[in-house]
Amino acid sequence: MSVNLGYACINSTLQEQSKIMCSRGMIRRTWLAKGIPYASELALSNVRGLREVVKWNNANDISVYRITSCLFPWMSEYDMTRLPDYAEIAATLADVGHIARTAGQRLSFHPGQFCVLASPNESTVVKSLRELDQTAQIMDMLGMPKSPAAKINIHVGGAYGERENALARFCKAFKRLTHSAQSRLTVENDDKPNLYSTKMLYNGVYKQIGIPIVFDSHHFGIGPQDLDYHDSFYLARSTWAPGIKQQCHHSNSRRDYEDSTANKVAHSTWFYTPFESYNEPTDVVLECKGKELALFKYLNDFTLKDAA
DNA sequence: CCAGGTCAAGGGAGT
DNA sequence: ACTCCCTTGACCTGG
């Protein structure tokens, strides 16, 4: 099979059947009240949950999985090595990494909307650098390769109507990251016309600093329109070094298929169209509300039919 | 025990 | 300059 499918963050089966989670966090008020000891407790609980999810993925032949960015609550506020449970957390993560690598399961991260390397605001950049460095530190604890095989994927952001300047700021800020973070960073095309297309990322990021582009099929449809799907896919594909499998995202619009009142950028629960990869070997993270159950349904609806 | 309001962070769009 | 919105999913309170 040329396409390996994966899913993101929550395993609904484990969560519902066994209350296994890896994204327990706390709101600010609780953080101020309970602080580091509670953060440590939650982080340990989260990485133990992650171990169960990774084992489950192996047992279910799923070889692509995005880890939640909420593993360590309030991570930016402390040095992870100072958590009271650090030794056990680190040992658990090492075990998780071993389990994943042994089975050839590819793990990734996708920090969210607040991580903006291209921001004109220096304090936002500093916070973003820290988040990426710490995320890379978790990859290191997992024993994952320092390459986009273990990708940490983000959006460029910070456009303010001046994409050229923002792209330049992004590349400049990139150089301030640790090697561990630089080696794994990837950028993704956006879902708004005023943000970045695959082509803009190719010229403004890949040609400058050489990091790969994650092609998102759904964002392609609603972002800037400057290339067709085929050319966007192959342009993104050309940024992945030999030996490191291209990774893409696929989702369907909730508005188009499930709820006409939903925002067009919202994801559907299930899939109505398969990812078009032109039969190229690719890893695809499915983004949908149905999580791993939608992955199984996708396989049933599309892949098996194709094989028949 | 559950429903529903709330929630660190950035940025865009509309006024 | 201001407000509200984006997505997501878990927190947490009050009933």
Side-chain angles (χ1 to χ4, degrees), chain A residues 7-16 19-36 38-39 41-43 45-46 49-50 53 66-78 109-135 153-163 165-167 169-170 173 187-196 216 218-219 222-224 249-256 258-259 261-269 285-294:
Chain A
Y7 65 103
C9 306
I10 294 170
N11 181 301
S12 58
T13 303
L14 289 175
Q15 185 159 319
E16 276 160 37
K19 298 222 183 332
I20 289 169
M21 295 175 65
C22 32
S23 55
R24 296 196 56 209
M26 55 185 147
I27 63 172
R28 181 176 154 85
R29 189 167 70 240
T30 308
W31 160 245
L32 293 175
K34 300 189 173 178
I36 299 265
Y38 189 51
E41 197 182 305
L42 290 177
S45 157
N46 285 340
L50 178 64
V53 172
R66 178 195 302 165
I67 303 172
T68 175
S69 294
C70 306
L71 266 193
F72 289 78
W74 294 90
M75 172 172 79
S76 61
E77 301 291 319
Y78 51 82
F109 282 99
H110 192 358
Q113 63 184 330
F114 302 114
C115 186
V116 187
L117 283 187
S119 176
N121 178 341
E122 171 65 10
S123 81
T124 300
V125 176
V126 168
K127 281 184 266 185
S128 302
L129 291 167
R130 176 160 173 80
E131 176 169 5
L132 292 170
D133 287 343
Q134 290 189 295
T135 302
N153 178 58
I154 58 172
H155 290 268
V156 169
Y160 293 101
E162 296 187 315
R163 282 181 286 220
N165 293 339
L167 288 163
R169 283 195 298 270
F170 182 93
V187 285
E188 175 181 348
N189 60 309
D190 282 287
D191 60 7
K192 293 191 184 73
N194 291 328
L195 297 180
Y196 311 88
D216 184 306
H218 178 40
H219 296 174
I222 52 187
H249 293 171
H250 183 55
S251 49
N252 283 160
S253 167
R254 182 165 181 75
R255 177 190 286 184
D256 291 349
E258 292 173 349
D259 175 2
T261 67
N263 188 298
K264 66 184 170 187
V265 304
H267 298 154
S268 58
T269 303
V285 178
L286 298 177
E287 298 178 317
C288 57
K289 293 179 187 294
K291 301 298 175 185
E292 82 288 356
L293 300 178

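The chains referred to below are lettered A, B, ... by the order of the sequence lines, with proteins before strands, and numbering in each begins at 1.
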- request: With P as the reference atom in both, quote the distance from dA8(B) to dT13(C) in angstrom, rounded to an integer.
  value: 12 Å
- prompt: Of all residues at least two apart in sequence or in a different chain, which pass the salt bridge (Lys or Arg N to Asp or Glu O under 4.0 Å) check with Arg169(A)?
  reply: none
message: Just the rounded figure in Å: distance from C1' of dT7(C) to CG of Asp259(A).
response: 15 Å
query: Rounded to the Å, how far apart are Glu41(A) CD and dC11(C) P?
result: 12 Å
- prompt: When you look for runs of 3 or more Watson-Crick or G-U pairs in a row, both distances below 3.5 Å, which of them include DNA chain B?
  reply: B:1-7 with C:9-15, B:10-15 with C:1-6
- prompt: Do Glu162(A) and Pro120(A) have side chains that get closer than 4.5 Å, going by heavy atoms?
  reply: no
- request: Mind checking the CZ-OG spacing from Phe72(A) to Ser23(A)? Nearest 0.5 Å is all I need.
  value: 13.5 Å
- request: Quick one: label Trp74(A) by what it contacts on the DNA or RNA (base, sugar-phosphate, nothing), any heavy atom closer than 4.0 Å.
  value: base
query: Between atom NZ in Lys19(A) and atom C1' in dA10(C), what is the gap in whole Å?
result: 14 Å
- request: Indicate whether OP1 or OP2 belonging to dA10(C) is found under 4.0 Å from a side-chain N or O atom of Gln15(A).
  value: yes
- line: Rounded to whole Å, the CD-P distance (Glu287(A) to dG9(C)) equals 11 Å
field: With Glu258(A) via salt bridge (Lys or Arg N to Asp or Glu O under 4.0 Å) - residues at least two apart
entry: Arg254(A)
message: Taking dG5(B) as the reference, what is the distance to dC5(C) when you measure between their P atoms (whole Å, please)?
response: 14 Å
query: Can you tell me how far C1' of dC6(C) sits from CG of Asp190(A), to the nearest Å?
result: 13 Å
message: If I compare all heavy atoms of Glu131(A) with all of Pro111(A), which pair ends up nearest, and what's the gap?
response: OE2-CB, 3.6 Å
field: For Glu122(A), all residues meeting salt bridge (Lys or Arg N to Asp or Glu O under 4.0 Å), sequence neighbours excluded
entry: Arg176(A)
- prompt: Does Lys264(A) offer a backbone N or O that forms a donor-acceptor pair with the side chain of Ser253(A) under 3.5 Å?
  reply: yes
query: Once you round it to whole Å, what is the distance between C1' of dC4(C) and CG of Asn263(A)?
result: 14 Å
message: Using atom P in both nucleotides, what's the gap between dT6(B) and dC4(C) to the nearest angstrom?
response: 13 Å
message: Any donor-acceptor pair under 3.5 Å linking the side-chain atoms of His155(A) with those of Asp190(A)?
response: yes
statement: For nucleotides 9-15 of chain B, 5' to 3', base contacts (B), sugar-phosphate-only contacts (S) and non-contacts (-) with protein non-hydrogen atoms under 4.0 Å give BBSSS--
field: His267(A) ring center near His249(A) ring center (under 6.0 Å)
entry: no
query: Within this structure, what is the NE2-to-P distance between His249(A) and dT8(C), rounded to whole angstrom?
result: 14 Å
message: Below the 4.0 Å mark, does dT8(C) have OP1 or OP2 next to a side-chain nitrogen or oxygen of His267(A)?
response: yes
field: Side chain to side chain, Ser45(A) and Glu41(A), heavy atoms closer than 4.5 Å
entry: no
query: Is there a side-chain polar atom (N or O) of Lys291(A) under 4.0 Å from OP1 or OP2 of dG9(C)?
result: yes
List every contact pair, protein side and nucleotides 1-7 of chain B side both N or O, where the distance is under 3.5 Å.
none

statement: Between the OG1 atom in Thr68(A) and the CG atom in Asn11(A), the distance rounded to the nearest 0.5 Å is 13.0 Å
- request: Measure from the side-chain N and O atoms of Lys291(A) to the backbone N and O of Ala8(A), and report whether any donor-acceptor pair falls under 3.5 Å.
  value: yes
Pairwise P distance for dA3(B) and dT7(C), with rounding to whole Å: 23 Å
- prompt: Just how far, in rounded Å, is C1' of dA8(B) from CZ of Phe72(A)?
  reply: 18 Å
